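All values reported here derive from a predicted model rather than from experimental measurement.
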Amino acid sequence: MTTDGTTSNPPTDRTTSNPPPGLPAPPPLGATALPPGTYDGTVVLVTGGGSGLGLATAAEFARLGADLVIASRNEQRLKAARAELSALGGRVGIAVCDIRDPDRVSAAFDAAESAYGLPAVLVNNAAANFPVPAEEMSPNAWRAVVDATLTGTFFMTREFARRHLTAGTPASVINIGASYAWTGGPGFAHSAAAKAGVKSLVETLAVEWGPYGIQVNGLVPGLMPHEDMTRDIRTTLTDTNTANAETPATSPPLATRQPALRVGAPRELGWAATFLASPYARFITGHTLVVDGANWQRRSLVNPPVVPVREQLGRGSHTDHREG
């Protein structure tokens with residue numbers, strides 16, 4: 001018994017046959033976080049909705065009755081995603097759109113509005129990313145990521161808001177962010193800077209547009225493996241022997257990387273998105289919700305030894321770089 005009346009348990013030995021269970025697995029695919037029909041008659045536009053987390057998020061809105069417009073530069077992926085999402089009920093439209101081009105953004109909204117009506121929910125999921133040491137990053141590499149991640153998000157959000165401000169209708173924006181908007185992202189300087197900008201947009205635009213009924217929130221996914229992950233990220237997951245969301249970790253590598261002792265399921269991000277844009281979250285705006293099982297939080301008394309980003313990416317040591 002401790003001085004405050006609680007029972008003191010000894011530290012758990014991870015080598016015993018009874019390890020901590022970690023966070024419980026999520027409900028099965030097909031379950032919904034909100035009442036059926038929550039989004040009946042609501043049009044939801046999801047950028048990057050043809051694959052990965054964007055597709056998973058769009059699916060959760062569809063299960064709740066939403067009509068969808070999914071946008072991407074890849075028409076083939078959009079058509080495949082439309083077939084998959086149509087099976088969940090509701091109408092599904094596609095918009096081939098480069099979000100970095102404001103004219104094409106406007107055209108995508110024109111098409112969506114003509115076919116289904118003005119979208120009431122915008123999920124800004126589209127982004128670009130790849131690992132590279134900052135000193136090796138070319139101007140084109142910087143622009144490619146920042147333009148797709150930050151500039152494109154702004155162009156989509158601005159067009160969406162302009163139309164709702166003109167119509168005098170309430171609306172909800174959800175920007176998909178990243179935890180290194182707070183912490184910085186070694187090896188991802190371009191993406192970390194862009195995602196910090198996306199987080200700032202959430203906070204800024206929530207204040208600007210709140211008086212007109214427009215909510216703006218952020219949503220940060222943790223490690224949520226899916227088939228559309230890029231090769232470099234997929235390789236990292238293989239190297240760390242990652243378990244899936246349904247089964248708690250059984251191997252030490254993952255147990256030391258995820259406080260939840262499991263990874264996330266893409267549908268868990270979708271459930272969070274459907275809540276933030278729903279009538280049940282009307283007083284939540286300017287907030288960024290992190291859905292990652294506490295993975296971005298510090299979890300040790302003393303930080304581990306520093307391994308330079310160059311070495312983590314197989315580029316050699318700083319000494320090798322100087323000598324070259």
Side-chain angles (χ1 to χ4, degrees), residues 22-33 44 46-64 70 72 77 81 84-85 88 123-131 149 153 174-183 185 187-188 191-192 194-195 198-199 217-251 253-277 288-297 299:
L23 296 183
L29 184 65
T32 59
V44 178
V46 182
T47 68
S51 61
L53 296 181
L55 175 57
T57 297
E60 297 310 319
F61 280 101
R63 293 186 209 282
L64 293 169
I70 52 175
S72 168
R77 279 189 170 184
E84 181 177 337
L85 293 168
L88 300 175
V123 180
N124 284 311
N125 170 73
N129 197 12
F130 54 87
T149 304
T153 292
I174 297 175
N175 290 339
I176 303 302
S179 59
Y180 50 42
W182 288 279
T183 65
F188 298 93
S191 178
K195 289 297 189 180
V198 168
K199 177 179 176 292
N217 286 298
L219 194 55
V220 170
L223 184 58
M224 297 177 173
H226 54 81
E227 294 179 356
D228 299 307
M229 280 182 155
T230 59
R231 184 177 63 180
D232 57 291
I233 296 177
R234 193 181 302 115
T235 299
T236 300
L237 296 187
T238 301
D239 291 344
T240 57
N241 193 19
T242 303
N244 63 41
E246 323 305 329
T247 307
T250 56
S251 59
L254 183 59
T256 62
R257 297 170 192 271
Q258 307 287 322
L261 302 188
R262 70 170 178 87
V263 295
R267 62 183 178 273
E268 292 182 280
L269 187 72
W271 291 332
T274 59
F275 168 70
L276 282 179
T288 296
L289 174 65
V290 181
V291 185
D292 80 339
N295 195 45
W296 78 288
Q297 305 287 357
R299 76 283 302 270

Of the non-hydrogen atoms in Trp271 and Pro26, which two are nearest, and what is the gap between them?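 Residues Trp271 and Pro26, closest heavy atoms: CZ3-CB, 3.8 Å.
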Measure the spacing between OG1 of Thr274 and CZ of Arg267 and express it to the nearest 0.5 Å.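 It is 13.0 Å, given to the nearest 0.5 Å.
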State the OG1-NZ distance between Thr153 and Lys195, to the nearest 0.5 angstrom.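 With rounding to 0.5 Å, OG1 (Thr153) is 6.5 Å from NZ (Lys195).
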Can you tell me how far CZ of Phe275 sits from CD of Glu60, rounded to the nearest 0.5 angstrom?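 Rounded to the nearest 0.5 Å, the CD-CZ separation comes to 15.5 Å.
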What's the shortest heavy-atom distance between Gly49 and Ala81, and which atoms?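 Scanning both residues, the minimum pair turns out to be O-CB, 4.0 Å.
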Looking only at non-hydrogen atoms, find the nearest pair between Ala56 and Pro266 and report the distance.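 Nearest heavy atoms, Ala56 then Pro266: CB-CB, 3.5 Å.
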Nearest 0.5 Å, what's the CG-CG distance between Leu223 and Asp292?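 It is 9.5 Å, given to the nearest 0.5 Å.
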Audit row: Trp296, Val220, side-chain contact (heavy atoms from CB on, under 4.5 Å) steps and yes/no: CA-CA 10 Å; Trp296 78 288; Val220 170; over 6 Å; no
Distance-minimising heavy-atom pair for Ile174 and Ala273: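 Heavy atoms only, the tightest pair is CD1-O, 3.3 Å.
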Set out, in order, the CA-CA distance, both residues' side-chain angles and the distance that settles side-chain contact (heavy atoms from CB on, under 4.5 Å) for Thr149 and Asn129, then state yes or no. CA-CA 8 Å; Thr149 304; Asn129 197 12; over 6 Å; no
Roughly how far, to the nearest 0.5 Å, is the CH2 atom of Trp182 from the CD atom of Gln297?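 It is 9.5 Å, given to the nearest 0.5 Å.
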Could you check whether any side-chain N or O of Asn125 sits under 3.5 Å from a backbone N or O of Gly48, counting only pairs where one atom can act as donor and the other as acceptor?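 Judged by distance alone, yes, a pair lies under 3.5 Å.
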Check step by step if side-chain contact (heavy atoms from CB on, under 4.5 Å) holds for Val291 and Met224. CA-CA 10 Å; Val291 185; Met224 297 177 173; 3.8 Å; yes
On a heavy-atom basis, which atom in Pro225 and which in Gly264 lie closest, and how many Å separate them?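 Result for this residue pair: CD-O, 3.7 Å.
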Polar side-chain atom of Arg262 near backbone of Gly293 as donor-acceptor pair, under 3.5 Å: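 Checking the backbone N and O of Gly293 against the side chain of Arg262, no donor-acceptor pair under 3.5 Å is found.
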Test side-chain contact (heavy atoms from CB on, under 4.5 Å) applied to Val123 and Leu276, Ile176, Thr47, the passing residue: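 Passing option: Ile176.
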Residue list, side-chain hydrogen bond (donor to acceptor under 3.5 Å, both in side chains) with Ser51, at least two apart or on another chain: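 Scan of Ser51 (side-chain hydrogen bond (donor to acceptor under 3.5 Å, both in side chains), adjacent residues dropped) gives Arg77.
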Can you measure from CG (Asn124) to CG (Leu219) and round to the nearest 0.5 angstrom?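 Interatomic distance, Asn124 CG to Leu219 CG, rounded to 0.5 Å: 12.0 Å.
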Begin with the C-alpha distance, continue with both residues' side-chain angles, and end with the deciding distance and a verdict on side-chain contact (heavy atoms from CB on, under 4.5 Å) for Ile70 and Leu55. CA-CA 8 Å; Ile70 52 175; Leu55 175 57; 5.7 Å; no
